[in-house]
Every structure is written in structure tokens, then in C-alpha cells.
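Have a look at the structure below before the remarks.
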Amino acid sequence: MAGRTWHSLPEYEALRALMESGTTSKAALRLGLSQSAISRSISSLEARLGRILFERDGGRLRPTFEATQLNRRLDPLFEALDRIDGPIEPTQEALRLTAPPTYAHRFLVGHIATFLHANPHFFVSLEVNASEDVIRRVQEDRSDLGITGVDLTREGVKLTPYRRSEAACAMPKDHELAQLEIVHPKHLHNQPLIALSRRHSRRAQLEKVLTNSRSVPRIVAEASTSFAAVDLAQTGLGVTVINPFPVVQYRSDEVVFKRFESPIEYRTYFVTSDHKPTPAIARAFIRHLRLHTVRMQLTEPT
């Protein structure tokens, strides 16, 4: 007869505190214990499970995949303990969310509204920042979850793929290029073009594609966001090449979007901390977005 598995709440508390704080000294301070007590609990848990749960990385202890998996499985246990020990009235869980204007102003606000209607006990604080600041806020633990379209690898953050998109050329419905199924770089030669600002890495990518095709459009304006570029194109000022996600969802009735033949590809990511577990409310919002993001042309989930 197989022996019955036994559990130790102090060991699980030590695991959770160490994952969230990163050092035994901070974990000990959080639980009101000594550093040696934390170390003994972790060593006992590793011996009982037969798994390595933490690896030393400089001055911090980095949780292994096994530790992360175990911690997620412990979520229901500690949520139940919180309900037992907590106040009679439920406390309001808060999500600190950050995203660039293209995602925040139109796309996220609608999803935040439906998320809160379905979960009235939740609270969301939305910060609108440039992509670099989105990464920095999560890195510095000032935001729980970020959404970005820029692949910026930074220590302390994790990028999880959310959407993949092809480059799109946007133009008014009566534009001469609107009859094409696919717009090629050569088609933009001598065309009025609305470009993204030079601070965007995509501007240099587009210029390289056009140069290789010996296509020289006439840049008539610049915009710092895809929405602004598409809105300028709608006025008849020119065409623009942008990431269609999520712009196409809100402008497809007013502007024509055609696939732009090029190696340019766009990816949208969820940004979370790589040093501590993702809060349950952040995981819930990620699931909500994946479930409720509508199907759009030129873009697909990843």
C-alpha cells in the first residue's frame, strides 16, 4: 500500500514568500521568521518532493519551473485560507495594468469594462505609457501586467505572445490601390505616405523594404500611433503601413486594409514579472482577453 502524501503549511508559506520576495532575508521578514528557518523549510520541501525548487542567481534565488508549477497549484489553498482568515466582507482585488496608447485608448477600455462587469469585486488601474515605460513599470513592480507590441527583452520581465499580425496598408475606400488584393512596395512609389514617427523601429524597417524595392513614396505626414496614421489616411491625405492589430477592428468600416507584401511581422505580448508569480487577477484578465478578442483580418492569436 502506497504511503499517504503529507503536507506542511509552513513549508508552503516559505515557498510562497520566497518566490514573491526573491531573498531569504525578505521572506523571513515577511513571515516573522529567521532566515535559517526559511532555508530549512525550503530544504525540507525539496527533500520531500525530490525536486530542486530554487537556483541561486547572483544575490537572488530564482525559482525553477517545478517551483512555479507547485506555487500555481497552491493558489486555491491560500485563497481558501484567505477567505477563512480574512474579513467577512470580501476585499477588492486590484490589477495594475499598463499599455501604449494604440492598445489602451480603444481596445483595452472595452475589455476592461466587460471584465469588471463580470467580476464586480475586481478593480483595474490603467496606466497609458510608451512601450519602453510599459516594460519598465512591470520590471520595477509598479504594474502587474503590461501589453506591448515591441519585443524589448529586459531582465526581470517575461514576454508571452498574444497576437501575430502581417503588415497592412491602410487607405480610403476610393483610393486607386484599394482594388488590389495585395499591396507591394513598388505600388507605393510616388504615392503620398503617412509614416510612423522615427522613434518607432518599424519606420526603419519600412524604409529598408522600400529602398530594396527602389520604391520612393512622398512622405506627407508623420504620426506617433497607428490609430493617428490611419485616421490621417482616412482623410485622403495618403496611405500608411501599420500593424493592423487592433486598429482594423475599429476602422474597417471607414478604411480599406490590404496586406502589404514584406517581411515585416508584428507581435503583441503580455508583459509580466519574471521574479514573482503573476497575480491571479492578472491571469484572469489575460484569459478574458484571449477569450473575447474578436477575429480580425490580417491578425491571429498566438
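Side-chain atoms are counted along with the backbone in the values below, which use heavy atoms only and exclude waters and symmetry mates.
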Any side-chain heavy-atom pair of [X] and [Y] under 4.5 Å:
X      : Y      : result
Leu298 : Val248 : no
Lys208 : Asn212 : yes
Leu97  : Ile112 : yes
Leu289 : Phe115 : no
Leu45  : Leu53  : yes
Lys258 : Met171 : yes
His175 : Val256 : no
Pro10  : Leu33  : no

Start with the C-alpha distance between Phe122 and Leu95, add both sets of side-chain angles, then the distance that settles side-chain contact (heavy atoms from CB on, under 4.5 Å), and finish with yes or no. CA-CA 8 Å; Phe122 287 162; Leu95 171 64; over 6 Å; no
Any donor-acceptor pair under 3.5 Å linking the side-chain atoms of [Y] with those of [X]?
X      : Y      : value
Glu11  : Ser44  : yes
Glu176 : Gln191 : yes
Thr148 : Tyr103 : no
Arg137 : Ser143 : yes
Ser36  : Ser34  : yes
Asn71  : Arg16  : yes
Ser197 : Glu222 : no
Asn129 : Thr98  : yes
Gln139 : Arg136 : no
Thr114 : His288 : yes

Would Glu20 and Lys276 satisfy salt bridge (charged side-chain N to carboxylate O under 4.0 Å, His left out), going step by step from the backbone distance to the final call? CA-CA 5 Å; Glu20 294 180 359; Lys276 67 175 188 177; over 6 Å; no
How many angstroms lie between [atom1] in [X] and [atom2] in [Y], if you round to the nearest 0.5 Å?
X      : Y      : atom1 : atom2 : value
Leu210 : Gln205 : CG    : CD    : 12.0 Å
Ser39  : Leu61  : OG    : CG    : 8.0 Å
Gln249 : Gln297 : CD    : CD    : 11.5 Å
Asp151 : Ser131 : CG    : OG    : 11.0 Å
Ser25  : Leu18  : OG    : CG    : 9.5 Å
Lys158 : His275 : NZ    : NE2   : 12.0 Å

Looking at [X] and [Y], what are the two nearest heavy atoms and their distance?
X      : Y      : value
Ala167 : Tyr266 : CA-CE1, 3.4 Å
Pro172 : Ala178 : O-CB, 4.0 Å
Ala104 : Val128 : CB-CG2, 3.7 Å
Asn243 : Thr268 : ND2-OG1, 4.5 Å
Val138 : Leu145 : CG2-C, 4.2 Å
Cys169 : Leu188 : SG-CD2, 4.2 Å

Verify same cluster id: [X], [Y] (apolar side-chain graph, 4.5 Å):
X      : Y      : value
Leu237 : Val255 : no
Val220 : Ile242 : no
Ile219 : Val239 : yes
Phe107 : Leu116 : yes
Met19  : Leu81  : yes

Taking the basic N atoms (NZ, or NE/NH1/NH2) and the acidic carboxylate oxygens, is any pair closer than 4.0 Å for [X] and [Y]?
X      : Y      : answer
Glu66  : Arg51  : no
Glu265 : Arg267 : yes
Arg142 : Asp133 : no
Arg154 : Glu140 : no
Glu181 : Arg259 : no
Asp75  : Arg283 : yes

Quick check: does any side chain N or O of [X] sit under 3.5 Å from a backbone N or O of [Y], one acting as donor and the other as acceptor?
X      : Y      : result
Ser213 : Ser215 : no
Thr235 : Leu232 : yes
His184 : Glu261 : no
Ser41  : Ala14  : no
Asp144 : Arg96  : yes

Could you go through Lys186 and His189, starting from their C-alpha distance and side-chain angles, then the distance that decides it, and tell me whether this counts as side-chain contact (heavy atoms from CB on, under 4.5 Å)? CA-CA 6 Å; Lys186 65 180 181 180; His189 186 68; 5.8 Å; no
Checking side-chain contact (heavy atoms from CB on, under 4.5 Å) against Pro185, which of Thr211, Val209, Leu206 comes through?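 When side-chain contact (heavy atoms from CB on, under 4.5 Å) is applied between Pro185 and each of Thr211, Val209, Leu206, only Val209 qualifies.
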Would you mind telling me which of Tyr162, Phe257, Tyr269 makes a ring-ring contact (aromatic ring centres under 6.0 Å, His included) with Phe245?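 Filter result, single survivor: Tyr162.
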With salt bridge (charged side-chain N to carboxylate O under 4.0 Å, His left out) as the test, would you mind laying out the steps for Glu55 and Arg62 before giving the verdict? CA-CA 5 Å; Glu55 296 175 339; Arg62 181 178 292 274; over 6 Å; no
Could you walk me through whether His7 and Tyr12 satisfy the side-chain contact (heavy atoms from CB on, under 4.5 Å) test, starting with their C-alpha distance in whole Å, then the side-chain angles of each, then the deciding distance to 0.1 Å, before giving a yes or no? CA-CA 8 Å; His7 300 278; Tyr12 295 152; 2.6 Å; yes
A quick test of your reading: do over 12 heavy atoms of other residues, nucleotides or ligands sit less than 6.0 Å from CD1 of Ile52?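 No, not enclosed.
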Test log, rule side-chain hydrogen bond (donor to acceptor under 3.5 Å, both in side chains), inputs Ser21 and Thr23: CA-CA 6 Å; Ser21 60; Thr23 64; 5.0 Å; no
Tell me whether the NZ or CZ atom of Arg106 lies within the 45° cone about the ring axis of Phe227 and under 6.0 Å from its centre.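 Here Arg106 passes the 6.0 Å and 45° test against Phe227.
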